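Before any comments, here is the structure.
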Amino acid sequence: MSRYPFRATEEKWQRIWDERRSFEVTVDPAKPKYYVLEMFPYPSGRIHMGHVRNYTMGDVVARAKRAQGFNVLHPMGWDAFGLPAENAAMQKRVHPGVWTYANIAEMRSQFQQMGLALDWSREFATCDVDYYRHEQAMFLDMLERGLVYRKESWVNWDPVDQTVLANEQVIDGKGWRSGAEVERRKLNQWFFKITAFADELLGAIDKLERWPDKVRLMQTNWLGRSEGALVRFPLAGRAGSLEVFTTRPDTLWGASFMAIAPDHPLAQELARENPELAGFIDTCLKLGTSEEALERAEKLGFDTGLCCRHPLGATEDLPVYVANFVLMGYGTGAIFGCPAHDQRDLEFARKYDRPVVPVVLPADADPAAFRIDDEAYVGDGVIFNSGFLDGLDVPAAKARIIDHLEAEELGTRQVTWRLRDWGVSRQRYWGCPIPVIYAEDGEIVPVPKDELPVRLPDDVDFTSPGNPLDRHPAWKHVTLPDGRKGVRETDTFDTFVESSWYFARFCSADYDDGPFDRAAVDYWLPVDQYIGGVEHAVLHLLYSRFFTRAMSACGHLDLDEPFAGLFTQGMVTHQTYRAPDGQWLQPDEVKKVGDGWTTLDGREVVPGRVEKMSKSKRNTVDPTTIIEAYGADTARLFMLSDSPPERDLEWTDEGIVGAWRYLNRLWRLVEERRADLPAGGKGGETPTGEAAVGLRRLVHRSIAAVTTEIERLHFNKAVALVRELSNAIEAFSPTTAEDRAVLREAIETLVQLIGPMLPHLAEELWQRLGHRTLLADTAWPVADPAWLTADNVTLALQVNGKRRGEIMVPAGSDEAHVREQALADAAVIRAMAGKPPRRVIVVPDRIVNVVV
RNA sequence: GCCCCUGUGGCGGAAUUGGUAGACGCGGCAGACUCAAAAUCUGUUGCUGGCAACAGCGUGCUGGUUCGAGUCCGGCCAGGGGCACCA
């Protein structure tokens with residue numbers, strides 16, 4: 001028997017789908033739509049296994065939904081702006097655009113080899129001027145509506161990339177891409193007013209029912225809403241006051257000091273006349289660039305000599321410290337310290353010898369004896385030592401004190417967010433130009449819409465660091481319509497801007513008169529199933545949710561949430577290997593010897609952990625190599641097998657070989673039996689033979705179960721179910737015409753069920769079974785409920801909860817009958833050891849438990 | 001430090017609302033085919049004892065609820081992730 005000729009088969013069907021434009025779609029209000037989208041790739045040069053896994057999952061959903069009668073939109077494009085292109089330009093002396101489009105061509109052909117059911121007619125790259133021109137227009141719309149503004153702010157400056165990083169892009173004090181130590185600089189920046197939607201973005205999380213709980217939680221924490229009060233503490237002996245935000249106004253009577261951030265205006269002012277303080281502030285700010293250092297640093301304060309009066313006059317005056325643990329970027333940059341009920345404040349108070357007065361009494365504690373040692377009490381309890389709040393519980397005390405503060409004009413109720421506005425200016429060439437001109441007199445002039453797009457100039461030089469747009473001799477200098485001279489904004493957008501609306505552009509990718517055709521987005525959006533890596537759980541998804549609202553506010557859309565369903569898949573991992581000198585070794589440089597590994601020429605290899613495939617650890621496996629050796633279907637099957645899709649998948653050579661073996665089994669299964677099958681149409685008659693009835697039941701159970709598991713994206717279970725069905729088909733030997741009809745139904749169903757996962761093989765087998773129409777155009781099988789239930793069921797028999805035997809009874813047998821049979825069972829009688837049954841529990845069609 | 005998730009054979013993992021733990025696959029073992037190998041096929045495979053029938057033990061540890069717990073509850077341990085001086 002021949003092996004499955006995967007290469008010719010895959011080429012053949014890819015050509016046929018392409019010629020027939022099988023997966024190109026148009027708006028069709030008569031059909032239900034389904035929009036499947038995988039997070040679009042950055043064109044880095046070659047696809048990696050993570051892409052294979054991501055796009056395979058989406059493809060299974062797309063093909064299954066298509067077979068189920070949906071009008072399926074499944075597009076592909078490129079997230080094509082970004083720093084790697086500029087790095088390549090500097091290293092290889094190639095223009096970022098040339099490099100990017102060459103990468104796209106390479107990756108497109110790799111994706112095409114995978115046999116994905118994509119509508120390639122909608123393909124675009126975000127660096128296409130026909131894409132980013134619309135982004136510029138929308139920026140102007142948002143500017144007009146006050147959703148964009150400019151402010152000077154401290155930024156994280158990446159000295160290697162010569163660019164600003166968002167706070168979110170700074171990881172452990174280092175740039176998330178370059179890894180360079182981040183510095184602080186003050187620059188004028190463009191910001192999107194994402195905080196204007198904070199309430200809405202938080203409230204809508206509840207409605208994202210088809211999102212993983214984990215992602216919803218991460219977004220909730222990122223937004224970081226906290227309720228509390230703004231309280232004014234008058235300064236003693238000088239004018240002015242300190243404003244403090246607190247979530248614990250109920251502990252106000254426990255205050256024993258004040259602390260302000262090193263970059264608080266008051267601290268800065270005092271530092272001008274106090275070199276010692278200035279030095280302390282310097283130390284704090286230096287520490288502030290590295291979060292790791294901050295964490296390890298002990299809590300330090302500098303006594304300014306100033307004091308605040310307690311706003312309720314409850315205690316002595318409170319000394320004001322500058323403290324390294326207070327953040328200017330959150331709340332007001334000032335706090336009151338209540339050591340008894342905040343661990344951080346307690347540590348500070350112990351160090352600087354401030355009083356620790358408990359004001360919340362835990363239940364059952366004795367007010368006279370209650371003391372705080374080295375652990376602050378943060379739990380619930382009854383307020384004491386607190387004047388008119390005494391006796392209230394914590395929530396009641398919060399409400400009461402805020403009412404009081406507001407009545408006395410000492411403070412106000414306040415909600416504070418962790419979320420900050422989205423700074424989008426980047427000092428880079430390879431991004432979307434921000435369409436603004438600075439006139440010579442300082443006025444900021446938006447580029448008129450009819451002068452869009454502001455194109456990136458092609459003649460740029462990358463021989464020195466920094467932004468080539470900034471030192472371009474001609475591009476940046478313009479004359480305004482009124483004759484004034486001006487310079488263009490030389491910053492470009494953060495590339496998260498492009499990925500915040502690409503899903504909408506796919507709905508009408510060629511549309512010229514705006515970002516998208518309204519009818520098309522109204523039909524296709526929201527995305528029904530979005531699939532991508534969990535690393536985008538916060539930023540990309542939050543920005544897209546904001547952008548969708550902002551686009552709606554500008555009248556482009558009528559939609560809040562872009563992604564109705566979200567799935568975050570796990571990474572593809574692989575064992576790592578190192579030489580004794582610590583050098584990473586590639587998987588193809590080592591071989592297994594007994595329980596360990598050696599290099600090919602027999603030298604020692606130290607096996608490392610299983611980690612995400614990455615170039616730096618040299619543990620990658622190239623998808624193209626695999627596709628050439630085993631075909632796309634084998635690679636796809638492996639990506640879907642065994643591991644639950646949300647978890648990491650460990651690449652193993654045994655696994656890919658196992659998948660290849662299964663393809664050949666399917667091939668032989670059909671090739672060996674198809675000559676004996678009756679022609680056309682599925683057997684309509686009811687089979688009578690025991691084996692045939694059993695197979696027919698399994699076929700219908702398999703249809704129901706596989707359909708459900710694909711719907712739930714449990715692809716590993718769908719694969720297991722399909723294998724179970726093919727095992728049963730292999731074991732089935734037809735002897736009658738009736739048997740052969742059942743066998744044909746079983747084989748055809750099997751081919752249909754594997755269709756979304758192994759599209760090329762399935763299409764080929766479908767044709768070989770005599771079909772003239774494409775499997776891709778064939779409706780999904782439907783399970784007949786009549787065949788989903790069995791006549792007989794096996795009941796487990798337990799004595800005192802321990803399984804002792806089993807009996808076969810007709811399904812739905814009545815309890816008395818089952819009970820009688822169970823008590824008559826030899827194994828049960830033996831286990832009862834002569835004792836009388838005290839109780840018999842019968843769970844219909846499941847289990848009998850005899851208690852003695 | 002806070003929050004969340006995950007712990008099941010040699011391995012990846014199955015197991016509806018609490019109801020036969022280990023589906024499906026990988027690997028192993030034995031056998032068939034072959035001059036031989038590869039490929040393929042058949043059988044077997046949680047652990048311990050036993051020739052066997054069978055018995056005992058088994059879902060990180062520990063206690064509980066229940067006729068019955070991988071599943072529910074309490075405490076602990078380990079691994080992973082998120083957030084972080086967030087007031």
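Keep in mind the model is a prediction, meaning the values are calculated, not measured. Chain naming here is simple, since letters A, B, ... match the order of the sequence lines and numbering starts at 1 in each.
Counting to the nearest Å, the P atom of C2(B) and the CH2 atom of W222(A) are 21 Å from each other. Across the protein-nucleic acid pair, E724(A) atom CD and G13(B) atom P stand 19 Å apart, rounded to whole Å. Atoms CD (E709(A)) and C1' (A15(B)) sit 12 Å apart, rounded to a whole Å. A straight line from CG of L542(A) to C1' of C83(B) spans 15 Å, rounded to a whole angstrom. The CZ atom of R803(A) sits 16 Å away from the P atom of G19(B) (whole-angstrom rounding). We find that CD of E646(A) is positioned 14 Å from C1' of G12(B), with the value rounded to whole Å. Between N727(A) atom CG and C41(B) atom P the separation is 11 Å, expressed in whole Å. Separating the CH2 atom of W660(A) from the C1' atom of G25(B) is a distance of 18 Å, rounded to the nearest angstrom.
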Distances for protein N/O vs nucleotides 78-81 of chain B N/O pairs under 3.5 angstrom?
none

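For C83(B), the base has no donor-acceptor partner in the side chain of N221(A) [N/O atoms by modelled type, under 3.5 angstrom].
G60(B) sits 27 Å from C83(B) when the C1' atoms are compared, rounded to a whole Å. When the P atom is compared between A52(B) and C47(B), the two are found 14 Å apart, to the nearest whole Å. For the C1' atoms, the distance linking C5(B) with G10(B) amounts to 26 Å, nearest Å. Rounded to a whole angstrom, the distance from the C1' atom of A23(B) to that of A14(B) is 5 Å. Of the P atoms belonging to U71(B) and G64(B), the separation is 15 Å, rounded to the nearest Å. Across the P atoms, C72(B) and U59(B) are found 15 Å apart, a figure rounded to whole Å. Separation of the C1' atoms belonging to G27(B) and G9(B) is 12 Å when rounded to the nearest angstrom. For the C1' atoms, the distance linking C3(B) with G22(B) amounts to 33 Å, nearest Å.
Here D342(A) lies out of heavy-atom contact (under 4.0 Å) with every strand. Residue V326(A) is classed as a base contact, given a heavy-atom separation below 4.0 Å to a base. Within the nucleic acid shown, R838(A) has no heavy atom closer than 4.0 Å to any nucleic acid atom. In this structure, S641(A) reaches neither bases nor backbone, as no heavy-atom distance under 4.0 Å exists between it and the strands shown. Residue R723(A) is in sugar-phosphate contact alone, with no base atom involved, counting any heavy-atom pair closer than 4.0 Å across all strands shown. Contacts of E654(A) with the nucleic acid, taken as non-hydrogen atoms under 4.0 Å apart, involve only primed sugar atoms and P, OP1 or OP2. Using a 4.0 Å heavy-atom criterion, one finds that V851(A) contacts the sugar-phosphate atoms exclusively.
Seen from the ring of F348(A), R354(A) does not count as a face-on cation partner, given the 6.0 Å and 45° thresholds.
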Please lay out, stage by stage, how V719(A) and Y662(A) fare under the test side-chain contact (heavy atoms from CB on, under 4.5 Å).
CA-CA 11 Å; V719(A) 171; Y662(A) 182 60; 6.0 Å; no
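Counted by atom type alone, Q569(A) and R647(A) present zero donor-acceptor pairs between their side chains at under 3.5 Å.
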Go along nucleotides 53-58 of chain B 5' to 3' and tag each nucleotide: B for a protein heavy atom under 4.0 Å from its base, S when only backbone or sugar atoms are that close, - otherwise.
-SSSS-
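Counting heavy atoms of neighbouring residues, nucleotides and ligands inside a 6.0 Å radius, atom CZ of R819(A) does not exceed 12 of them. Summarising the local packing, CD of E535(A) is surrounded by more than 12 heavy atoms from other residues, nucleotides or ligands at distances under 6.0 Å.
Taking the six-membered ring for Trp and the full ring otherwise, Y352(A) and F257(A) have centroids separated by 6.0 Å or more. The ring of F638(A) has its center no closer than 6.0 angstrom to the ring center of W660(A). Here the two rings, on F336(A) and F233(A), have centers that are under 6.0 Å apart.
The phosphate of A39(B) has neither OP1 nor OP2 within less than 4.0 Å of any side-chain N or O from R3(A). Between R839(A) and C67(B) there is a side-chain polar atom (N or O) within less than 4.0 angstrom of OP1 or OP2. Between R647(A) and C5(B) there is no side-chain polar atom (N or O) within less than 4.0 angstrom of OP1 or OP2. When the side-chain nitrogen and oxygen atoms of N716(A) are compared with OP1 and OP2 of A23(B), none of them lie within a distance under 4.0 Å. The phosphate of A23(B) (OP1 or OP2) has no side-chain N or O of R701(A) nearer than 4.0 angstrom.
Closest contact between the side chain of R665(A) and the listed nucleotides G25(B), A87(B), G12(B) involves G25(B).
Regarding the sugar-base torsion, G9(B) falls in the syn class, its angle being within 90° of 0.
Ionic pairing of E646(A) and K214(A) is not present here: no N-O contact between side-chain nitrogen and carboxylate oxygen is shorter than 4.0 angstrom.
In this pair, F6(A) and Y4(A) present their aromatic rings tilted. The plane angle is within the 30 to 60° band.
RNA chain B is contacted by both F245(A) and T794(A); T794(A) maps to the nucleotide lying nearer its 5′ end (nearest heavy atom per residue). Closest-nucleotide positions on RNA chain B for V843(A) and S226(A) were compared, and the one nearer the 5' end corresponds to V843(A).
Just one of I401(A), V394(A), D342(A) meets the side chain to side chain contact (heavy atoms under 4.5 Å, CB included) condition when paired with R248(A); it is V394(A).
Across all strands shown, the partner of C72(B) is G64(B), judged by Watson-Crick or G-U wobble contacts whose two distances both fall under 3.5 Å.
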